[in-house]
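Here the structure comes first, spelled out in structure tokens, and everything after it is commentary.
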There are 2 protein chains.
Amino acid sequence: MTVTLDDERLDAVFAALADRTRRDIVARLSEGEATLTELAAPYEMTLQAVSQHVGVLERCGLVSRGRHRQTRPCRLEPLALATAGSWIEESRRAWTERMDRLEAHLTDLQDDR
Amino acid sequence: MTVTLDDERLDAVFAALADRTRRDIVARLSEGEATLTELAAPYEMTLQAVSQHVGVLERCGLVSRGRHRQTRPCRLEPLALATAGSWIEESRRAWTERMDRLEAHLTDLQDDR
DNA sequence: CGCTTTATAAAGCGACTGCTTGACTAAGGC
DNA sequence: GCCTTAGTCAAGCAGTCGCTTTATAAAGCG
């Protein structure tokens, strides 16, 4: 279930998530598809700025877009999200396992006394 | 088990992870503590550059440092890692649940025919 | 005490970001 | 054929990032 990506892609995905407007867009897309104009509505910034944010999400694979009449609906791509999550979990797992071994070792030492 | 952080902190954590040198440092710290000089050894860049990377990791809470003789050993703080992971998992969960509901709905429609 | 080791502080530089404005394209509705 | 709707392209600008060089501090060793 672990998905591995090259460094370049991980760079891009984490960089994309390092902006609260883009995280907000991702969160909203996790509730369903939306057009650019719908996505832009809640923000004070221009439509162009939101379009650029969506562009960042698209380029790193977090979002894909279709075509429907004049609109280009955005949808979340959970695979890219999963790869970032997997990377984090892997580091956390290694750290936790090491701590568990350390604790077990200390308990052994205590038992020996 | 879900840890929530404010936007500002999430910005910082994801931005910190958006650099492969820093991800590399995190991965190595997940295998155990290390001093700055130890961390810097594998890279071609200067010690100062690595110190700045560690500073970024420290400021966003991913790393903490102690004191031992002249060294200031770095250790991973898995909580900050967990919060970033939780944010990702939450979005993925929402998307997956929505897809499951959608699929169930489509199956219902098919059964009705 | 000086000398080395370990680390931090500050300034500078090229590259990149987030956002704006202004101009443009493409699809539909009248 | 025009006008609106939905979106893109491109240039510009202030601010930040990654890294360097240079200088400095603080702890241990001879």
Side-chain angles (χ1 to χ4, degrees), chain A residues 7-29 32-76 80 84, chain B residues 7-29 32-76 80 84:
Chain A
D7 278 341
E8 215 167 322
R9 189 89 168 215
L10 272 184
D11 279 1
V13 172
F14 280 127
L17 294 178
D19 180 286
R20 74 188 71 184
T21 303
R22 286 194 293 260
R23 279 199 307 279
D24 201 40
I25 290 175
V26 166
R28 286 169 62 207
L29 289 179
E33 294 191 8
T35 67
L36 184 60
T37 335
E38 284 165 359
L39 286 176
Y43 307 110
E44 303 238 317
M45 68 186 90
T46 62
L47 184 75
Q48 287 92 323
V50 176
S51 173
Q52 283 168 14
H53 279 306
V54 170
V56 171
L57 293 171
E58 207 179 351
R59 243 170 283 122
C60 75
L62 277 165
V63 159
S64 69
R65 307 183 71 179
R67 281 177 196 282
H68 180 251
R69 298 177 177 266
Q70 314 100 302
T71 75
R72 308 208 40 215
C74 304
R75 93 177 53 184
L76 196 61
Chain B
D7 277 340
E8 215 167 322
R9 189 90 169 213
L10 271 183
D11 280 0
V13 172
F14 280 127
L17 294 178
D19 181 285
R20 76 188 67 186
T21 304
R22 285 194 295 259
R23 278 199 307 281
D24 201 41
I25 290 175
V26 166
R28 285 170 62 208
L29 289 179
E33 296 191 7
T35 67
L36 185 59
T37 335
E38 284 164 359
L39 286 175
Y43 307 111
E44 303 239 316
M45 67 186 90
T46 62
L47 183 76
Q48 287 90 327
V50 177
S51 173
Q52 283 167 13
H53 279 306
V54 170
V56 171
L57 294 170
E58 207 178 351
R59 243 171 283 123
C60 75
L62 277 165
V63 159
S64 69
R65 309 184 70 179
R67 280 177 196 283
H68 180 252
R69 295 176 179 264
Q70 316 98 302
T71 75
R72 305 209 40 216
C74 304
R75 94 178 52 183
L76 196 60

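These numbers come from the heavy atoms of this one structure, side chains and all, not from hydrogens, waters or symmetry mates. Numbers restart at 1 for each chain; the letters A, B, ... are given by sequence-line order, proteins then strands.
Smallest separation of non-hydrogen atoms from A:Tyr43 and A:Val50: CD1-CG2, 4.1 Å. Residues A:Ala16 and A:Val56 share a closest heavy-atom pair of CB-CG1, 3.9 Å.
For the pair B:Leu36 and B:Arg72, the minimum side-chain heavy-atom distance is 4.5 Å or more. Between A:Asp24 and A:Arg28 there is a side-chain heavy-atom pair separated by less than 4.5 Å. At a threshold of 4.5 Å between non-hydrogen side-chain atoms, the residues A:Asp11 and B:Arg20 count as touching. By the 4.5 Å heavy-atom criterion applied to side chains, B:Glu38 and B:Thr71 are not counted as neighbours. Side-chain contact between B:Leu29 and B:Leu39 is present, with at least one heavy-atom pair separated by less than 4.5 Å. Using a 4.5 Å heavy-atom threshold, the side chains of A:Asp7 and B:Arg23 count as touching.
At least one side-chain nitrogen or oxygen of A:Thr46 sits closer than 4.0 Å to the OP1 or OP2 atom of C:dT20.
Within residues 14-28 of chain A, no residue has a heavy atom under 4.0 Å from DNA chain D.
B:Arg9 places a side-chain N or O within 3.5 Å of a backbone atom of B:Cys60 that can act as its donor or acceptor partner. Formation of a donor-acceptor pair under 3.5 Å by the A:Arg22 side chain with backbone atoms of A:Ala15 is found in this model.
Looking at heavy-atom distances under 4.0 Å, B:Arg67 makes no contact with the nucleic acid at all.
A 4.0 Å heavy-atom criterion places the boundary nucleotides of DNA chain D facing chain B at D:dG18 to D:dG28, written 5' to 3'.
When each of B:Thr71 and A:Glu44 is assigned the nucleotide of DNA chain C bearing its nearest heavy atom, the one mapping closer to the 5' terminus is B:Thr71.
Remark: D:dG30 base-pairs with C:dC1; criterion is Watson-Crick or G-U wobble with both hydrogen-bond distances under 3.5 Å.
Rounding to the nearest 0.5 Å places CD1 of B:Ile25 at 8.0 Å from SG of B:Cys74.
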Report summary line: In B/S/- notation (B base, S sugar-phosphate only, - none; protein heavy atoms under 4.0 Å), nucleotides 22-30 of chain C written 5' to 3' is BB----S--
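Rounded to an integer number of Å, the gap from A:Leu47 CG to C:dG18 P is 17 Å.
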